[in-house]
Amino acid sequence: MTFRPTALRSGIAALLAALALSSPARAAETVVAVAANFTEAATEIGEAFEKATGDRVTYSFGSTGQLYAQITQDAPFEVFLAADQARPEKAEAEGFAVPGSRFTYAVGKLVLYSTDAGAIDGSSDALEQPGFAHVAIANPVTAPYGAAAVEVMKALGLYETLEPKIVQGKSISQTHQFVATGNAELGFVALSQVVADDSGSKWMIPQELYTPIRQDAVLLEKGAGNAAARAYLDFLKSPEALAIIGKYGYGTED
Amino acid sequence: MTASPLFDAAMIETILLTLKLAGITTVVLLLVGTPLAWWLAQGGGLWKEIVATVVALPIVLPPTVLGFYLLIAMGPQSPLTGLLGRQLSFTFTGLVLGSVIYSLPFVVNPIRNAFEAMGPRPLEAAATLRAAPLDAFVSVALPLASPGIMTGAILGFAHTVGEFGVVLMIGGGIPGRTKVLSVTIFDYVETLQWPKAHVLAGGMLAMSFVVILAMMLIERRLNGGRR
């Protein structure tokens, strides 16, 4: 193969020109890092936001810990929708976020879920039956839904007996995947993941069994000067966005 | 940053589990891969090429694709689970099976190349000396192909140690049973325990360097021997 630098260079120039043309100069744009459990709600909110403001939003989905590690390494994120309060707080304290911009945008609800319609009868009974081999939770160290699941098992006095059956997903998404594929019979997942699912069975875990999973949003330093980033955070508090958030199985503050 | 020791019990458990997984996987790969490579090296028709292609697939496939299909294959409704009478996901045995598939081409290809480079003549010579085919294979072909077998074993071991996608998808991250090195590194990075991540990631980097260097030295010896 021959290497022709001139052809390569003109190709790159054409590519750059095409990229420059493809982004309209007027519409503002913001990049938002979103915890994976909020993926579907964020997608719908993004569409509503673009319709309402004409601004564009680009999402980067991942686990809260992974996104935070990227933020500390200069990732180009302007807004951070975490799955907990700890990371946005830390971002504020460490100077990655704009002080005072933090608020709770959603309160996550934990459910016990199975694809088997007869497995769970709307109570904790399924956890006390001997007839299952695996219960999936998210990694309790990195995912707040995993920590909440451990709290629930301890509150029920079942943690010791269930511990050998626990399998950990890296994120709440992977935990859901373990249950959805049937590899784990039971799993502690986010209500938002199974809210539209009528084929399986679930137990809405009473709030008094675990610390509320408050998910905080924060304006990152990179977005401090971007009106679209601030507009996005304002939109997140609008009745329209709150309705979407509620529809996907989250509680909202106020 | 909390002041915790760089090496803790969990870390050592992870390293030992990973070495055990890679060790067992390599032994299985040599037992399965050597006859397979021999068979592939003896020319053949289109269907042999198809088998060779299947063996080579993991080189191209993202580990998550493999992990995804293994997760389904190991699920409760799959024929595999019915056949074995037990579920393989979330078990060490499941990880070994996944790793064998994932690392197969890295073992089979070097051994196959070594067999092919040998050519038919040494075995013809053995046959004229009345060696039975199995005897000729064990006492002539295997020693001649030993650098290829060595390369395959090293590559298979190193690849299994570094594997991430497959173990992530079917492992379930159970400490001491399925939580291996690569997943642990990811956890350390996620929880901002970077000094610990450095210890493991740096170790992996050093090991990979040694592996590639060792292979180059083996290759040089192989070429030198032929001259």
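Since we're looking at a predicted model, the values are computed, not measured.
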Given a strict heavy-atom distance threshold of 4.5 Å, which part of Leu168(B) is in contact with chain A: side chain, backbone, both, or neither? both

Under a 4.5 Å heavy-atom cut-off, does chain A meet the side chain of Leu71(B), its backbone, both or neither? both

Are more than 12 heavy atoms from other residues, nucleotides or ligands located less than 6.0 Å from atom [atom1] of [X]?
X	atom1	result
Gln77(B)	CD	no
Gln85(A)	CD	yes
Met207(B)	CE	yes
Met215(B)	CE	yes

Is there side-chain contact between [X] and [Y], with heavy atoms separated by less than 4.5 Å?
X	Y	value
Val141(A)	Asp187(B)	no
Ile166(A)	Ile174(B)	no
Phe186(B)	Gln66(A)	yes

Approximate separation, where rounding is to 0.5 Å, of [X] [atom1] and [Y] [atom2]:
X	Y	atom1	atom2	result
Leu192(B)	Thr142(A)	CG	OG1	11.5 Å
Lys179(B)	Asn139(A)	NZ	CG	5.5 Å
Met169(B)	Gln177(A)	CE	CD	5.0 Å
Ile170(B)	Phe178(A)	CD1	CZ	9.0 Å
Met74(B)	Asn183(A)	CE	CG	9.0 Å

So which part of Lys90(A) gets closer than 4.5 Å to some heavy atom of chain B, the side chain, the backbone, both or neither? side chain

Which atoms of Gln73(A) approach chain B - backbone, side chain, both or neither, heavy atom under 4.5 Å: side chain

Start with the C-alpha distance between Thr72(A) and Trp194(B), add both sets of side-chain angles, then the distance that settles side chain to side chain contact (heavy atoms under 4.5 Å, CB included), and finish with yes or no. CA-CA 12 Å; Thr72(A) 66; Trp194(B) 290 359; 3.4 Å; yes

